[in-house]
Amino acid sequence: MANLVNLEQVSKSFGVKPLLERVSLGVQENERIGVVGLNGGGKTTMLEVLAGIEEPDSGRVSRVGGLRMAVVTQRGVLPPGSTVGDVVLAPLGVAEHEWAGDARIRSVLDGIGITGLGLDAPVEQLSGGERRRTALAAALVRDLDLLVLDEPTNHLDVEGVQWLAEHLRGRRSSLVVVTHDRWFLDTVATRTWEVVGGRVETYEGGYGDWIFARAERARQADAAEDRRRNLARKELAWLRRGPPARTSKPRYRIEAAEALIADVPPPRDSVALASFARTRLGRVVVELEDATLTTPDGRVLVEDLTWRLAPGERVGLVGVNGSGKTTLLRTLAGELDPASGRRIEGQTVRIGWLRQELDDLPVDMRVLEAVQDVAERIQLGDKEISAGQLAERLGFTPARQRTPVGDLSGGERRRLQLTRVLMSEPNVLLLDEPTNDLDIDTLQQLEDLLDSWAGTLVVISHDRYLVERICDSTWALFGDGRLTNLPGGIEEYLRRRAQLADAVDAGSGRSAGASAPAASASAAASASSVKGSADERAARKELSRLERSLVKLDDREKALHAALAEAATDPVRVQTLGAELDTVVAEKNAVEERWMELADELG
């Protein structure tokens, strides 16, 4: 397998801070690499050095001759005076009827949401997120050897993230992607790079493998502090509650990991928190009665909505871009009045609202001053913590707390915004895309904080891992004027969206007069249909057989790894064992994929 790009003893600094120190690594053909690390730790710098955007201070970067590569950064810079079509399609050098007849190109335009923007739209009129999606589409429509992407999921909805993951898994090109989206990382990556302390640590597999490996290294070295260890234990406990096919990780010592989490309680005591929330909030939290929500131009988003948030309720809100999620959150916050109906707020309610914009920070203060400006100390669960302690838990070291707010990066500003919201001690927390610009360690700290936070929570997020981790119920806006509860969570949302799309396509094929609401009703009816009992029994029987196969394949893979270690000085035996290992891994991946398909079908 040929190397496409190699870094040899590469170092790179900005000012006095070294971000990369004598880093050596490579990207091989057909390899999908996820890059993780703290904000400001060097992820983007490493990506730009690898892609040739930045030159290293020392060391060497080599690329295979004729390498076809595309790089999509967070900068969102597009050629002035061009249209969306110029950016996305013109570089292909093909006539309109050629790309229009190419199913792969049409899939990219639909999957990234370019069709909705319009190919004739001038790039100057696009928002920052639309510019990022346009640049991403321009890379995805090309036939490449290597894709280099920096936070590609930030401006996609849940469906867009799933589509992108499936698209990248189906491509023949290699991939290097910086991402904080843990579901996306676990789904796409075959290898994970962690940029930390100027080094790049490498791990096989995606997010689950990385978490297991980090916990195991910490256990062996016995060097992780108590708080980091507790976070790792919680995260492992959460992962082990998932489907067995996604958490079978024989490359690492699963027995040790399970011993580590054997006595870990559930992430939160929902009953105790709900009881405490009732004492803080009373019976009435925020209620909407017969409310109709509209856009500024009068388009109806939600009609005749009656929704009563309960004390301690934790709600995840999903929907396509433009369906009204942020409008609903603004209405709950009291910033926007419904077009009709009314909003009721309990007397003891204190709302904390994390908006997508970063325009509410005092740039003339230092970090600690900006936090203390809200409060000096707060009560979090059964503990009282200071402004400095909360800031440190969300990634601001004591030294960094003296930094002027105006000098912070985008990710650090997001963390400061979140810290200030929590310091206001809200009992109703409204979070609008809280994962944007946050690194994975900060997300884990946020989830840990919310585990002991007693109050009502509504979160909009395309990060399905976060929604499933911190929310107890999921609600969706499908664009049909209603708010729909989804007992099956994100998976049910994606299934229903696919069924709605199929129903609309089928309806347009049968009759030009078929309406979208009728198609939606048809799709909803089909979604509630029950599989035949015989089919379901057969599927469950196959599921059990696959689980037994997975256990055997895991055992065989573990044995082969051990045999390879023992045969390290015997090249012939290493080659034989390596070939057998490749066969076992391929078979296990196929079984795992089929297991997931059946698990999804059976719900």
Side-chain angles (χ1 to χ4, degrees), residues 32 34-36 70-76 78 84 87-88 105-118 121 126-141 147-171 175-189 206-207 316-326 329 356 410-411 414 431-440 443 459-468 474 476-479 489-491 493-494 496-498 500-501:
R32 297 191 302 271
V35 183
V36 298
V71 184
V72 183
T73 69
Q74 296 192 56
R75 301 176 185 181
L78 300 177
V84 171
V87 174
V88 177
I105 294 177
R106 293 201 312 273
S107 171
V108 170
L109 298 182
D110 291 339
I112 297 297
I114 299 301
T115 306
L117 296 180
L126 302 181
S127 67
E130 289 168 341
R131 286 170 174 261
R132 290 284 304 281
R133 282 192 279 142
T134 299
L136 180 59
L140 297 181
V141 296
L147 264 172
V148 180
L149 308 177
D150 193 357
E151 298 287 10
T153 66
N154 264 6
H155 297 283
L156 300 178
D157 55 27
V158 174
E159 276 179 286
V161 173
Q162 169 147 323
W163 177 89
L164 180 60
E166 292 173 350
H167 175 83
L168 293 173
R169 282 166 59 95
R171 291 180 71 105
L175 170 72
V176 180
V177 55
V178 171
T179 181
H180 63 262
D181 189 312
R182 291 160 292 181
W183 177 87
F184 181 80
L185 178 65
D186 213 30
T187 302
V188 170
Y207 177 67
L317 186 60
V318 296
V320 297
N321 292 333
S323 60
K325 302 186 298 296
T326 296
L329 212 63
Q356 288 197 51
R414 189 66 165 165
L431 305 178
D432 195 351
E433 295 292 0
T435 66
N436 282 357
D437 301 314
L438 294 185
D439 56 61
I440 288 177
L443 284 173
V459 56
I460 296 172
S461 182
H462 63 265
D463 185 332
R464 60 196 291 177
Y465 190 101
L466 179 88
V467 171
E468 291 168 349
T474 306
L477 293 171
F478 287 107
I490 300 294
E491 288 296 333
Y493 169 76
L494 293 169
R496 288 200 186 193
R497 282 288 302 166
L500 286 170

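Just so it is clear, the structure is predicted and the values come from calculations on it, not from any experiment.
For Thr73 and Asp150, the side-chain atoms include no donor-acceptor pair closer than 3.5 Å.
For the residue pair Ala137 and Ile112, the shortest heavy atom distance occurs at CB-CG2, 4.3 Å. A pairwise comparison of heavy atoms in Ala121 and Leu126 identifies CB-CD2, 4.5 Å as the closest pair. Nearest heavy atoms, Gly206 versus Asp186: C-OD1, 3.6 Å. Gly34 and Leu185 make their closest contact through CA-CD1, 3.6 Å (heavy atoms, listed as atom of the first residue, atom of the second, distance).
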Next item on the list: Dump the intermediate steps for side-chain contact (heavy atoms from CB on, under 4.5 Å) on Arg182 and Leu466, then the final yes or no.
Entry: CA-CA 8 Å; Arg182 291 160 292 181; Leu466 179 88; 3.9 Å; yes
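Partners of Thr326 by side chain to side chain contact (heavy atoms under 4.5 Å, CB included), not counting sequence neighbours, listed by chain and number: Arg330, Gln356, Asp432, Ile460. Every residue two or more places apart in sequence or in another chain that forms a side chain to side chain contact (heavy atoms under 4.5 Å, CB included) with Asn154 is listed here: Gln74, Glu151, His180, Asn436, Asp437. For Arg169, the side chain to side chain contact (heavy atoms under 4.5 Å, CB included) partners are Arg32, Thr187, Glu593, not counting sequence neighbours. Partners of Ser107 by side chain to side chain contact (heavy atoms under 4.5 Å, CB included), not counting sequence neighbours, listed by chain and number: Trp163. Contacts of Glu130 classified as salt bridge (charged side-chain N to carboxylate O under 4.0 Å, His left out), with partners at least two apart in sequence or in another chain: none. Partners of Arg133 according to the salt bridge (charged side-chain N to carboxylate O under 4.0 Å, His left out) rule, which considers only residues two or more places apart in sequence or in another chain, do not exist here. Listed by chain and number, the residues in a ring-ring contact (aromatic ring centres under 6.0 Å, His included) with Tyr493 are Phe478 (sequence neighbours excluded).
Side-chain contact check for Pro152 versus Val72: every heavy-atom pair is 4.5 Å or farther apart. Leu164 has its side chain within reach of Leu136: a pair of non-hydrogen atoms, C-beta onward, lies under 4.5 Å apart. The closest side-chain heavy-atom distance from Leu156 to His462 is not below 4.5 Å. Using a 4.5 Å heavy-atom cutoff, the side chains of Asp439 and Val36 are not in contact. Residues Arg497 and Val320 form a side-chain contact, since some pair of their non-hydrogen atoms from C-beta on lies under 4.5 Å apart. Between Ile490 and Gln162, the closest side-chain pair of non-hydrogen atoms is not below 4.5 Å. When side chains are defined from C-beta on, Val108 does not count as touching Ile114, because their heavy atoms never get closer than 4.5 Å. With a 4.5 Å cut-off on side-chain heavy atoms, Arg171 and Leu147 count as touching.
Counting only distance, with no hydrogens or angles, the side chain of Lys325 and the backbone of Ala476 share no donor-acceptor pair below 3.5 Å.
Interatomic distance, OG1 of Thr179 versus CD1 of Ile440, reported as 7.0 Å (0.5 Å rounding). A distance of 10.5 Å separates CG in Leu443 from OH in Tyr465, rounded to the nearest 0.5 Å. A distance of 8.0 Å separates CD in Glu433 from CZ in Arg414, rounded to the nearest 0.5 Å. In this structure, CZ on Arg464 lies 12.5 Å from OG1 on Thr153, to the nearest 0.5 angstrom.
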